[in-house]
Amino acid sequence: MDIFKEEKHRTILEATNEELLELKDKAKDKLWKPIYHIYPQYGLLNDPNGLAYFNGKYHVFHQWYPFGVTHGMKHWAHLESEDLVSWNRLPVAIIPTEKYESHGAYSGNSIEINEELYLYYTGNIKFDKNNRSANQCLAIMNKDGEIKKFENNPIIEGVPNGYTGHVRDPKVFKLKENYYMILGAQRVNETGTFIMYKSIDGIKWELIGELELENFPKEFGYMWECPDYVKIDDKDVLIFSPQGIDKEGNKYNNIFNVIYAIGKLDIDNLKFKVDSYEELDKGFDFYAPQSFKGKDGQALLFAWAGMGEFKYPTDKKLWAHCLTFPRELSISNDKLIQKPVKEILKLSKLEVSENGIVNKKEIIANDNNTYYLKVNLTLNESNNFGINLCSSNEERLELNFNRENNSVSLNRNKMKHRFIEEYGLTREAELNIDKNIDIEVIVDNSIVEIFINGGKITMSTRVFPLEKSTGIEIYADNEIRYNYTKHVLNSGILD
Ligand code: FRU
C-alpha cells in the first residue's frame with residue numbers, strides 16, 4: 001500500500017538547487033527580518049530543538065519546513081555559535097527520509113554521551129489526514145560535526161497502549177547512572193500527560209510509566225507538548241506546553257500556553273511534587289521552550305516566538321517566525337527568573353544613556369528597531385504610565401503600567417498590521433507596583449521581548465511595524481523620573 005503523502009510532505013532532497021534558490025530569493029525582503037534572533041532564510045521555523053553546548057560550541061537546531069509557511073514536512077535546521085550571539089548556519093541536520101519518520105522529524109533535545117551529541121527526536125507518522133503514530137528516534141553528531149541517524153532506529157517504536165498517536169518531543173536527561181526520557185503524551189481519554197522511559201546507555205529504552213504531578217490539577221488540557229526538565233540550584237523545574245487550557249482572567253490567553261512548575265522530582269516513584277506553577281511568559285508569541293546547560297553550567301532557554309498555526313504578516317514574504325533571544329534562568333522565591341543572556345552586550349555598537357523627567361509624554365529615541373534598552377522609572381505620584389515601542393504618528397506597541405490595578409499590560413491593538421486578533425490584542429500580568437520599576441526591552445525588527453523587575457515577568461510578542469515606526473516614548477499621567485541605557489545592536493546572523 002502506498003503511504004499517505006500530501007504535497008507538503010516533501011523533503012529538501014526532492015527539490016532542485018534552483019527551486020531552493022528561488023525560495024531564498026522570494027523571501028529575501030529584509031524589512032521584518034530580525035538581525036540577532038534566529039529566523040529561517042525561507043520557509044517556516046517553529047520549536048527550538050537539540051540545544052547544547054558541545055565540544056566548545058553552542059548548537060541550536062530548530063523545526064523547519066522549507067517549502068512555504070505551513071506546518072509541513074519538518075526538518076531539523078542547524079546553527080552554531082561560540083558565544084550565543086554570533087550564529088553560523090550549517091547544513092540541515094535531520095532530513096526525514098526514512099519510513100520511521102515518514103511525515104517529519106519532530107521536536108526533541110540532545111545530550112552528550114560518550115563524547116558524542118545524541119539528538120533525540122520524534123519520527124512523525126501519518127496514516128491519513130486524521131490518524132497518526134510516532135516513533136522515537138536518534139541521530140548522533142560526533143566531534144567533527146558529522147551527524148548520522150542511528151542504524152537501528154527507531155529506538156522506541158510506536159506508542160504504548162493507552163495513548164493516542166500524540167506521543168512526542170523526547171527530553172532525555174541523566175540522573176545518577178541512568179538516562180530518562182520524558183515524552184509529551186495524550187491518553188486515549190484525550191487528556192494530556194507525561195510518559196517516561198529509562199535507559200542505561202541512551203539506546204535501549206524501557207517504559208516506566210507516567211510521571212505523576214502532585215499538587216497540580218488532575219486534568220489540564222488534552223495534550224502536553226515539549227516537556228522539559230532542568231535542575232536549578234537545588235530545585236527541579238518542569239516546563240511544558242499544554243494544549244487545551246481554558247482562559248482564566250489574564251492567564252492562558254493564547255490558544256496554547258506554556259507552564260513551568262517548580263518542585264521536587266522523585267524519579268524512583270515517578271512523582272513530581274509541585275511547589276508552585278505559573279505561566280512562563282505573559283505575552284503573545286511564545287511556545288515550546290527548551291532549556292539546556294551553557295558553557296558555565298548556567299541554565300539557558302530558547303523558545304519559539306510563534307503560536308499555533310495562525311497566519312502572520314511575513315507569510316506573504318515566504319518566511320515565518322523566529323526563536324526568542326536566549327534567556328538565562330534562575331529561581332528566586334519559588335519563581336522562575338528570566339534574563340536575556342549577558343552576551344547581548346557583545347553586539348552593542350552604540351550606547352546612549354540619559355535621564356530626565358517626563359510630564360505626559362516624551363520621545364526618548366527614534367532611529368532604529370534593533371536595540372537593547374534598560375529603563376528605570378521612579379513613579380512619584382503616577383498611577384498610569386508606560387513605554388511605547390515601535391511608535392510613529394500612525395501606530396505603537398504599548399507597555400502600560402497601572403498602579404491602581406497592580407498590573408502591566410502589553411497592547412498590540414494600536415499597530416497597523418494585526419494578526420491572531422481572535423485571541424485578543426492585549427495581554428496582562430499582575431505586578432506589585434512600588435516606587436521603582438525596572439524594564440529591559442529587546443527589540444529586533446519584528447520581535448519584542450520585555451523583562452520586568454529583573455526578569456520576574458516576561459512578555460514576548462511579534463510585531464510588524466511600518467518602516468518609520470522606530471520611536472520609543474515614555475508617558476505618564478503625572479511626573480515620572482526615568483533613566484535609560486540604550487544599546488544599538490549589531491547583526492549576529494549573517495545571510
Ligand atoms: C510544538 C510541536 C511539537 C512537535 C512540533 C512539530 O510546536 O507541535 O509537539 O514536535 O511542534 O513541528
Side-chain angles (χ1 to χ4, degrees), residues 6 8-9 11-12 38 40 43-51 60-78 92-96 100-110 119-126 132-139 154 156 159 163-172 181-186 192-195 221-228 239-245 254-259 280-281 284-291 301-310 312 320-324 420 460 462:
E6 295 175 284
K8 64 177 184 183
H9 294 123
T11 72
I12 201 162
I38 292 174
L44 177 143
L45 164 156
N46 57 307
D47 315 355
N49 294 151
L51 307 175
V60 166
F61 304 83
H62 66 75
Q63 291 282 285
W64 184 48
Y65 174 63
F67 301 115
V69 287
T70 42
H71 287 264
M73 191 70 143
K74 294 293 168 65
H75 298 53
W76 276 38
H78 186 190
V92 185
I94 303 178
I95 305 178
Y100 57 75
E101 54 191 5
S102 57
H103 294 75
Y106 274 17
S107 291
N109 84 317
S110 72
L119 309 168
Y120 292 92
Y121 64 100
T122 299
N124 183 41
I125 306 290
K126 287 205 172 160
R132 65 164 83 199
S133 185
N135 295 311
Q136 308 314 324
C137 310
L138 170 65
I156 299 172
V159 302
Y163 303 91
T164 70
H166 291 279
V167 173
R168 59 177 170 267
D169 309 336
K171 168 89 185 190
V172 173
M181 178 191 289
I182 178 165
L183 287 164
Q186 179 180 56
T193 187
F194 297 132
I195 56 178
Y222 61 78
M223 166 65 190
W224 293 0
E225 295 191 310
C226 300
D228 188 81
I239 298 173
F240 62 110
S241 301
Q243 298 180 305
I245 309 300
N254 296 320
I255 184 174
F256 304 136
N257 301 281
V258 179
I259 299 289
L280 202 142
D281 185 283
F284 298 85
D285 307 281
F286 185 96
Y287 197 64
Q290 185 177 102
S291 70
L301 178 134
F302 280 87
W304 171 34
M307 188 50 64
E309 300 202 0
F310 295 102
Y312 276 68
H321 311 306
C322 62
L323 298 182
T324 60
I420 328 185
S460 305
R462 297 300 306 283

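All ligand and atom numbering here is 1-based and tracks the order in the structure.
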Nearest candidate to atom 3 (C) of ligand 1, where distance is taken over non-hydrogen atoms, out of D169, L45, L44, N49:
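Nearest option to atom 3 (C) of ligand 1, by heavy atoms: D169.
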
What I want to find out is whether K171 reaches D228 closely enough, with some N-O distance under 4.0 Å, to be called a salt bridge.
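Here K171 pairs with D228 in a salt bridge, since their nearest N and O are under 4.0 Å apart.
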
Based purely on interatomic distance, does [X] place a nitrogen or oxygen under 3.5 Å from a nitrogen or oxygen of ligand 1?
X	answer
R168	yes
Q63	yes
N46	yes

Out of N124, T122, N135, which residue meets the side-chain contact (heavy atoms from CB on, under 4.5 Å) rule with R168?
T122

May I ask you to decide if the ring planes of Y287 and F256 are parallel, tilted or perpendicular, using 30° and 60° as cut-offs?
tilted

Are the ring centres of [X] and [Y] closer than 6.0 Å?
X	Y	result
F240	F194	yes
H62	W76	no
Y65	H75	no

[X] neighbourhood, listing ligand 1 atoms whose heavy-atom distance to it stays under 4.0 Å:
X	value
S107	5 (C), 10 (O)
K74	12 (O)
Y287	1 (C), 7 (O)

Protein contact of atom 1 (C) of ligand 1 - nearest heavy atom, named by residue and atom, plus distance
D47 OD2, 3.0 Å

How far is atom 8 (O) of ligand 1 from its nearest protein heavy atom, and which residue and atom is that?
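The closest one turns out to be E225 OE2, 2.9 Å.
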
Side chains of Q136 and Y121, donor plus acceptor under 3.5 Å:
no

